[in-house]
Amino acid sequence: MNIRYGIYLDKLVKRFGLTTAIDSLTLAVEPGLLHGVIGPDGAGKTTLLRLMAGLLRPAGGTITFTANGENADFEHVRPQLAYMPSRQSLYPDLSIEEHLEFFKSLYQLAPDVYRERASRLLGITRLERFRGRKVGQLSGGMYKKVGLMCALLRSPAVLLLDEPTNGVDPISRREFWELLYQLSGEHILILISTAYMDEAERCSRVHLLDSGRCIASGEPAQVLAGEKVQSFDELWMKRA
């Protein structure tokens, strides 16, 4: 039976010196859905995802993981979680295939499991014919796809993506979202952060973050109706 994971935050706080990056944040990231954390630069999106990934420790509040509705220790969830940072984290002198081989060793995948997953990922990302190309020679969109492949190689049940479409051309952005929809159809819990307001409407659930606080949360259409606006751009202008 596939395990469905959820993440629930209660009055979460994170400070860096005198700066409060996450300010008493309560949020429900429900299982099996594509969630979007939407907000401008400095809203706290990266800090939030790093807290969920266990890379930072909160100053207050709690992060609770669930597995099929039951509370689960983070150590149980960690092997099922993959995190893709917003900053460039790949090696420019290594090829796509060399990156996959590296993560195969990192995740300690059996050769037959690796071959099946690598072949599938190269197929769905349309990077098969570029597998020998160095990552430093790729376009921005292709680079992001390689990062996503490396995160997916361990076949995670929870996927945290920090601004994966930032700086990517419109066509590559569309292709990236098509990949996310395929993954969401496999009931993976996906949480993507973005500053692009148009991407909010592509999510199953949106969580609007501003100065470390959630100002609205829910299904995109319901959030817009509740705020009496036609778009998320209009919503942010209204609150400015």
Side-chain angles (χ1 to χ4, degrees), residues 1-14 22-39 43-85 107-109 113 117 120-121 124 148 151-162 164 177 179-194 199-209 212-226:
M1 181 178 66
N2 293 330
I3 299 177
R4 295 196 179 189
Y5 293 94
I7 311 173
Y8 300 88
L9 316 180
D10 185 37
K11 298 179 181 177
L12 192 67
V13 176
K14 180 60 182 178
I22 300 296
D23 190 0
S24 194
L25 181 63
T26 297
L27 203 65
V29 184
E30 299 159 337
L33 299 175
L34 200 168
H35 292 257
V37 176
I38 318 296
K45 302 187 299 296
T46 294
T47 299
L48 176 60
L49 265 66
R50 288 174 65 84
L51 285 164
M52 290 180 175
L55 301 175
L56 294 174
R57 293 193 177 189
T62 59
I63 303 175
T64 301
F65 290 86
T66 63
N68 289 340
E70 302 291 332
N71 287 359
D73 292 334
F74 181 66
E75 293 307 313
H76 169 77
V77 178
R78 188 195 296 272
Q80 308 299 325
L81 184 149
Y83 169 67
M84 179 177 163
Y107 298 148
Q108 298 181 328
L109 298 178
V113 172
R117 290 183 185 174
R120 176 175 177 267
L121 291 171
I124 66 173
L148 181 61
L152 290 172
L153 197 58
R154 73 190 306 178
S155 192
V158 179
L159 186 59
L160 306 178
L161 305 173
D162 191 8
W177 274 95
L179 290 177
L180 294 185
Y181 290 144
Q182 288 185 46
L183 296 171
S184 182
E186 298 173 12
H187 305 297
I188 297 174
L189 173 60
I190 302 173
L191 181 65
I192 176 174
S193 71
T194 180
E199 293 187 336
E201 296 184 49
R202 302 183 184 186
C203 303
S204 303
R205 300 286 187 277
V206 292
H207 314 282
L208 306 186
L209 208 62
R213 294 190 174 193
C214 185
I215 60 174
S217 187
E219 295 181 13
Q222 291 179 346
V223 170
L224 293 176

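FYI, side chains are in, hydrogens and waters are out, and symmetry mates aren't considered; it's all heavy atoms of this structure.
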Over all heavy atoms of both residues, which pair between [X] and [Y] is shortest? Give the atoms and the distance, please.
| X | Y | result |
| --- | --- | --- |
| Pro220 | Cys203 | CG-O, 3.2 Å |
| Gly212 | Leu25 | O-CB, 4.1 Å |
| Ile3 | Ala67 | CG2-CB, 3.6 Å |
| Leu180 | Ile190 | O-CD1, 3.7 Å |
| Ala151 | Arg154 | O-CG, 3.8 Å |
| Phe74 | Met52 | CE1-O, 3.7 Å |

Any side-chain heavy-atom pair of [X] and [Y] under 4.5 Å:
| X | Y | value |
| --- | --- | --- |
| Pro156 | Gln80 | no |
| Leu9 | Thr26 | no |
| Ser217 | Leu27 | yes |
| Asp162 | Pro85 | no |
| Ser204 | Leu34 | yes |
| Asn71 | Tyr8 | no |
| Phe65 | Arg78 | no |
| Ile38 | Glu199 | no |

[X] (side chain) donor-acceptor with [Y] (main chain) under 3.5 angstrom:
| X | Y | result |
| --- | --- | --- |
| Lys45 | Val37 | no |
| Arg205 | His35 | no |
| Tyr181 | Arg202 | yes |

Measuring from atom [atom1] of [X] to atom [atom2] of [Y], what distance do you get when rounded to the nearest 0.5 angstrom?
| X | Y | atom1 | atom2 | answer |
| --- | --- | --- | --- | --- |
| Leu208 | Ile215 | CG | CD1 | 5.0 Å |
| Leu12 | Thr64 | CG | OG1 | 10.0 Å |
| Leu183 | Ile124 | CG | CD1 | 5.5 Å |
| Leu153 | Leu148 | CG | CG | 11.0 Å |
| Leu160 | Ile7 | CG | CD1 | 5.5 Å |
| Leu179 | Leu161 | CG | CG | 10.5 Å |

Exercise for the section: Could you list the residues that satisfy side-chain hydrogen bond (donor to acceptor under 3.5 Å, both in side chains) with Thr66, not counting sequence neighbours? Expected result: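 For Thr66 there are no side-chain hydrogen bond (donor to acceptor under 3.5 Å, both in side chains) partners, ignoring immediate neighbours.
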Problem - Under the side-chain hydrogen bond (donor to acceptor under 3.5 Å, both in side chains) test, residues paired with Gln108 that sit two or more places apart - result: none
Completion exercise
So the salt bridge (Lys or Arg N to Asp or Glu O under 4.0 Å) pairs with at least one residue in residues 51-65 (sequence neighbours excluded) are none
Practice task
Assess whether side chain to side chain contact (heavy atoms under 4.5 Å, CB included) is satisfied between Arg4 and Leu189, documenting all intermediate values.
Solution key: CA-CA 8 Å; Arg4 295 196 179 189; Leu189 173 60; over 6 Å; no
